[in-house]
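Residue numbers run from 1 in the order of the sequence given.
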Amino acid sequence: MDDETSLWRESGLRLSGFGHYYPRLLLENGSAEDPAGNAVDEAVIGRLDVRSRHVADEEETPAYMAVRAAHSALEQAGVMPDELDLVIVSNWTDRQFVPEWAPHTAHLLGADRALAFDVCGACTGFVHGVQTAAAYFGTHTAWRHALVVSSERFSRRVRPGSKGELIVGDAAGAAVLSRGAEPDAGLWDSLLISDGSGRETVTVHPPNGWIKSSRELVSIAADSHADLAARMLARSGVKMDEIDWVVPHPGTGQLHTAVRERLSIPQERFVTNYEIRANTGSASVPIVLSEMARDGRLKPGDLCYTPTVGSGWYYGGLLFRV
């Protein structure tokens, strides 16, 4: 979806509640633990700057985590599960043929009247989910509330003993999308771009399913972030210094630095929880928004931009006012 103007600014849609869930097991990375890794690790990861990460046990399936994050988001939004019209779950780390995770999640949640389905888009899954939900609202005018949950077990997609194992974690993050935004508030824009020429940038192949990154990942991702920002800011008529919070999918510390420098974003407005939660795939953005909402950083009137990149190659973001 690409257009000359913001897609949703007149839609009256708002992100009305956020929630998150972290698995019970918290692993600490030792302060002296910084394995050298290989040449790709050096280019993509660089210095180990993750202090801790959560790892799900067998009970903590994507649906289990999604339901708990969803309950938290619904409570904040003041919405009951049976009021939901749509449930979308993004997940790439536990891809399977059938059944999908979303119908199971909706059933466990008590949202049996909702249409439920999965999306992927790798680490851009939250953007993909919100954009898809917003599009459904346009054709179902009686719908009031949608739930988008990103639930990932990234720890299962890295080679045991690798440096990559130390920078990924498991989590679920959720957001409720509702009608009823105040004028000039709510969801302003979303944009999701696919570029198949970059399909080898990040891959996961059989038989083990370990993630493999190209050593050019950081430069490709930084270029994608720059292109995304240029397009979305032009569409909305907003300057980067007018945005209160930039909440990106974290990727790696190397990528954080490259994006901040490329787009001249002050560090205090560039928010991730990468150091204490690691890279949690498509859950990365909603878990940070949920933490910010709960600790009071995210306030009514704040303008937020959530850029992401993911295997495919995909890149995309949301622009919304709280």
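- In this structure, the side chain of Asp302 does not engage the main chain of Val322 through any donor-acceptor pair within 3.5 Å.
- Summarising the local packing, NE2 of His71 is surrounded by more than 12 heavy atoms from other residues, nucleotides or ligands at distances under 6.0 Å.
- For Glu152 (side chain) and Gly281 (main-chain N/O), no donor-acceptor pair under 3.5 Å exists by modelled atom type.
- A salt bridge does not link Asp85 with Arg144: none of the charged nitrogens is closer than 4.0 Å to a carboxylate oxygen.
- Taking 4.5 Å as the limit, every side-chain heavy atom of Val130 sits out of range of all side-chain heavy atoms of Trp8.
- No hydrogens or angles considered: nothing links the side chains of Ser72 and Arg68 as a donor-acceptor pair under 3.5 Å.
- Between His104 and Trp101, the two ring planes are tilted [angle within 30° to 60°].
- Ring-centre distance between Phe154 and Trp92: below the 6.0 Å cut-off.
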### Message
Checking Glu28 against Arg51 for the salt bridge (charged side-chain N to carboxylate O under 4.0 Å, His left out) test, could you report, in this order, the C-alpha distance in whole Å, the side-chain angles of both residues, the deciding distance, and whether it holds?
### Response
CA-CA 6 Å; Glu28 303 281 349; Arg51 302 196 305 272; over 6 Å; no

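- Of all heavy-atom pairs spanning Ser178 and His145, the tightest one is OG-ND1, 2.8 Å.
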#### Entry: Criterion salt bridge (charged side-chain N to carboxylate O under 4.0 Å, His left out) on Glu58 and Arg156, from CA distance to verdict
CA-CA 11 Å; Glu58 290 303 316; Arg156 295 173 176 240; 3.1 Å; yes

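- When the options Ile88, Leu147, Leu13 are evaluated for a side chain to side chain contact (heavy atoms under 4.5 Å, CB included) with Leu177, the one that passes is Leu13.
- With sequence neighbours left out, the salt bridge (charged side-chain N to carboxylate O under 4.0 Å, His left out) criterion links Asp244 to no other residue.
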### Message
Checking Asp223 against Arg262 for the salt bridge (charged side-chain N to carboxylate O under 4.0 Å, His left out) test, could you report, in this order, the C-alpha distance in whole Å, the side-chain angles of both residues, the deciding distance, and whether it holds?
### Response
CA-CA 9 Å; Asp223 287 345; Arg262 185 79 171 269; 2.9 Å; yes

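- A centroid separation of less than 6.0 Å is found between the aromatic rings of Tyr136 and Phe117.
- Ring centroid separation for the pair His20 and Tyr22 comes in under the 6.0 Å cut-off.
- Between Trp313 and Ser197 the shortest side-chain heavy-atom distance does not fall below 4.5 Å.
- The CZ atom of Arg277 sits 12.0 Å away from atom OG of Ser284, with the distance rounded to the nearest 0.5 Å.
- For the residue pair Ile211 and Val204, the shortest heavy atom distance occurs at CA-CG2, 3.7 Å.
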### Message
salt bridge (charged side-chain N to carboxylate O under 4.0 Å, His left out), that's the test. Do Arg153 and Asp170 meet it? Break it down for me.
### Response
CA-CA 4 Å; Arg153 297 192 292 188; Asp170 303 338; over 6 Å; no

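- Salt bridge annotation for Asp241-Lys239: absent, with no cationic side-chain nitrogen under 4.0 angstrom from a carboxylate oxygen.
- The distance from atom CG of Leu319 to atom CG of Leu187, rounded to the nearest 0.5 Å, is 8.0 Å.
- Separation of the Tyr315 and His225 ring centroids does not fall under the 6.0 Å cut-off.
- For Glu59, the CD atom counts as densely surrounded, since its 6.0 Å shell holds more than 12 non-hydrogen atoms of other residues, nucleotides or ligands.
- Annotation: cation-pi geometry not satisfied between Arg159 and Trp210 (NZ/CZ under 6.0 angstrom from ring centroid, within 45° of ring axis).
- Not one N or O on the side chain of Gln131 forms a donor-acceptor pair closer than 3.5 Å with the backbone of His128.
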